[in-house]
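Note sheet for the following structure.
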Amino acid sequence: MSEVLTVACPTCGKTIIWGEISPHRPFCSKRCQLIDLGEWANEEKKIPSQGDSTENDDWSEQPD
């Protein structure tokens with residue numbers, strides 16, 4: 001017998017079963033999935049980097 005794996009929805013925290021029964025995993029619903037996508041699109045969430053991205057974006061201003 002296999003053990004049922006459960007995870008918390010990253011948006012609302014609701015516990016869901018990780019498997020075919022949860023088509024929007026790791027989210028509990030399409031709504032929570034779209035909320036998360038909107039947060040990334042609005043740059044409310046981002047992956048941290050080692051340096052400030054503005055330092056690397058000035059490549060067009062460097063002398064020839």
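Partners of Lys14 by salt bridge (charged side-chain N to carboxylate O under 4.0 Å, His left out), not counting sequence neighbours: none found.
Side-chain contact between Cys9 and Pro26: absent, with no pair of heavy atoms (C-beta onward) separated by less than 4.5 Å. With a 4.5 Å cut-off on side-chain heavy atoms, Asp36 and Lys45 count as touching. The shortest distance between side-chain heavy atoms of Trp40 and Ile47 falls below 4.5 Å.
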Validation: residues 16-25 side-chain donor-acceptor distances under 3.5 Å, sequence neighbours left out:
residue	atom	partner	partner atom	Å
Ser22	OG	Ile17	O	2.6
Arg25	NH1	Gly19	O	2.6
Arg25	NH1	Ser22	O	3.0

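One distance of note links NZ of Lys30 with CG of Leu37; it measures 8.5 Å at 0.5 Å rounding.
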